[in-house]
Amino acid sequence: MSKSYSIAILGATGAVGTELLELLENRDFPLSHLKLLASERSVGRTLRFKGENLSIESVSDRAFENVDLVLASAGGSTSKTWATKAVEKGAVVIDNSSAFRMHPEVPLVVPEVNPLDAANHKGIIANPNCTTILMTLAVWPLHQVNPVQRIVAATYQSASGAGAKAMAEVKSQASAILQGQPPVAEVLPYTLAFNLFPHNSPLNDVGYCEEEMKMVNETRKIFGTQQIRITATCVRVPVLRAHSEAINIEFQTPFNPDVAREILSSAPGVKLVEDWRTNHFPMPIEATGKDEVLVGRIRQDISHPCGLELWLCGDQIRKGAALNAVQIAELLIEKNWLKPVTVRVSSEKK
Ligand code: A2P
């Protein structure tokens, strides 16, 4: 009989947590036990899994006893508090927050791009930022045949990136506006319904927000090179759960768009969506609930001989977060990399 594993979801009641639950059920993950962890606020609630109601427990040291794998999606500060404690109890943590992503001893993994990095984990593996995951899936296969020199990205990010409460808030803002009432913004910084605003993560001293710098730094770490020049503008848009990105890529030498199309049509995790006759290209509504990143509108950049333009949409909660984490877990199991931890990772960035 093949082995099965005891899993804990930290942040089980959140947007990503509930998606993790669904994926573990639908992908027939080899589970022996499933523990649902959240804050004190959620104790007493239950969530359905394989026809049963599972109780939510509040996170504590003891909660990680006899757990093989923790899938964490409860925000950076919760991960900083609990990830190393879970590792000390013998679990491997796949962390969806940004707490450990740039730590030199923590692999940052997109299974279709850099699966081998996962082998070197010391107890924690970081799941990259959602916009970064989606972009790497489309750019990596092209980078393999013609090295990328520079990327200019603009993102159109859905409410789901700000959590389940933000998704609910956009709906109530829309309904208030339609009824002639003033919209309320409590979770989101501003009204998002019928509006958009630049991503509201903290700004650095040259005017880039954290989300933009995640795309820059994480992409380089995942690709294993500091040589690619990357710039991004991240914007929150009133879409519920799939992100879109306009990406301009400059390669070492000219890249025929038909060749890029051919490569992307068989790239793992990517689905080409292009009907030039009807102007049908990826749309967030069609990416919602899908595992693949939809890529299309591949065309020559008329301003640069080595440039290509492309457009993509991907489900931020699914491939941008939960699915990527589950795929990392499956990779660890398949390759037998769920090994005992020998070196601990500190919660401080070195
Ligand atoms: P809770 O529902 O009990 O607040 P989202 O990203 O959709 O907002 O979800 C965040 C998830 O992280 C939720 O499951 C939330 O649980 C959980 N969470 C937030 N803060 C903590 C905390 N301090 N300890 C444990 N879980 C937390």
Side-chain angles (χ1 to χ4, degrees), residues 7-25 34-49 53-65 67 69-87 89 91 93-101 124 126-133 157-173 184-189 192 199-201 210-211 214 234 236 239-243 288-289 315-326 347:
I7 310 285
I9 300 179
L10 174 56
T13 51
V16 175
T18 46
E19 190 75 12
L20 283 166
L21 206 62
E22 194 192 311
L23 285 165
L24 291 179
E25 176 159 349
L34 180 60
K35 202 174 260 203
L36 304 183
L37 305 174
S39 75
E40 284 288 344
R41 294 180 288 271
S42 297
V43 173
R45 280 187 60 192
T46 58
L47 290 172
R48 293 291 282 177
F49 183 73
N53 289 325
L54 301 186
S55 302
I56 313 281
E57 295 172 42
S58 72
V59 59
S60 67
D61 271 356
R62 291 199 52 200
F64 299 111
E65 280 168 9
V67 168
L69 244 174
V70 179
L71 301 172
S73 192
S77 60
T78 307
S79 285
K80 277 186 183 149
T81 307
W82 296 107
T84 45
K85 291 182 177 155
V87 173
K89 294 279 179 203
V93 177
I94 300 172
D95 183 32
N96 195 52
S97 81
S98 60
F100 299 98
R101 287 182 190 149
I124 300 176
N127 209 36
N129 160 269
C130 47
T131 45
T132 307
I133 293 177
Q157 300 184 215
S158 58
S160 57
K165 293 188 182 106
M167 293 166 80
E169 190 167 273
V170 179
K171 288 186 195 167
S172 45
Q173 286 177 349
V184 177
E186 280 167 349
V187 182
L188 292 158
L192 187 56
H199 200 282
N200 62 302
S201 48
E210 248 174 30
E211 184 80 356
K214 286 175 186 172
C234 294
R236 187 77 73 197
V239 168
L240 281 181
R241 63 171 273 172
H243 287 357
T288 296
D315 189 316
Q316 177 272 326
I317 300 180
R318 211 167 174 94
K319 182 57 186 172
L323 175 61
N324 198 71
V326 171
S347 57

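When a ligand or atom number is given, it counts from 1 through the structure's own listing order.
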**L37, L34, I56, V16 screened by side chain to side chain contact (heavy atoms under 4.5 Å, CB included) with I9, the one that passes** =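 Of L37, L34, I56, V16, side chain to side chain contact (heavy atoms under 4.5 Å, CB included) with I9 is met by L34 alone.
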
Using modelled atom types only, decide if a donor and an acceptor are shared between the side chain of [X] and the backbone of [Y] within a distance under 3.5 Å.
{"X": "K35", "Y": "A63", "value": "yes"}
{"X": "T18", "Y": "A15", "value": "yes"}
{"X": "E169", "Y": "E186", "value": "yes"}

Between the protein and ligand 1, are there any N or O atom pairs that come within less than 3.5 Å of each other, and if so, what are their names and distances?
{"from": "ligand 1", "atom 1": "2 (O)", "to": "T13", "atom 2": "OG1", "distance (Å)": "2.5"}
{"from": "ligand 1", "atom 1": "2 (O)", "to": "S42", "atom 2": "OG", "distance (Å)": "3.1"}
{"from": "ligand 1", "atom 1": "3 (O)", "to": "S39", "atom 2": "N", "distance (Å)": "3.1"}
{"from": "ligand 1", "atom 1": "3 (O)", "to": "S39", "atom 2": "OG", "distance (Å)": "2.5"}
{"from": "ligand 1", "atom 1": "3 (O)", "to": "S42", "atom 2": "OG", "distance (Å)": "2.5"}
{"from": "ligand 1", "atom 1": "4 (O)", "to": "S39", "atom 2": "OG", "distance (Å)": "3.4"}
{"from": "ligand 1", "atom 1": "4 (O)", "to": "R41", "atom 2": "NE", "distance (Å)": "3.1"}
{"from": "ligand 1", "atom 1": "4 (O)", "to": "R41", "atom 2": "NH2", "distance (Å)": "2.8"}
{"from": "ligand 1", "atom 1": "7 (O)", "to": "A15", "atom 2": "N", "distance (Å)": "2.8"}
{"from": "ligand 1", "atom 1": "7 (O)", "to": "A164", "atom 2": "N", "distance (Å)": "2.9"}
{"from": "ligand 1", "atom 1": "14 (O)", "to": "G11", "atom 2": "O", "distance (Å)": "3.1"}
{"from": "ligand 1", "atom 1": "14 (O)", "to": "T13", "atom 2": "N", "distance (Å)": "3.3"}
{"from": "ligand 1", "atom 1": "14 (O)", "to": "T13", "atom 2": "OG1", "distance (Å)": "2.6"}
{"from": "ligand 1", "atom 1": "14 (O)", "to": "G14", "atom 2": "N", "distance (Å)": "3.0"}
{"from": "ligand 1", "atom 1": "16 (O)", "to": "T13", "atom 2": "OG1", "distance (Å)": "3.2"}
{"from": "ligand 1", "atom 1": "26 (N)", "to": "S39", "atom 2": "N", "distance (Å)": "3.3"}

**Prompt:** Does R241 pair with D315 as a salt bridge, N-O distance under 4.0 Å?
**Reply:**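 The answer is yes: the pair qualifies as a salt bridge.
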
**Message:** To the nearest 0.5 Å, what is the distance between CD on Q316 and SG on C130?
**Reply:**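 Those atoms lie 4.5 Å apart.
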
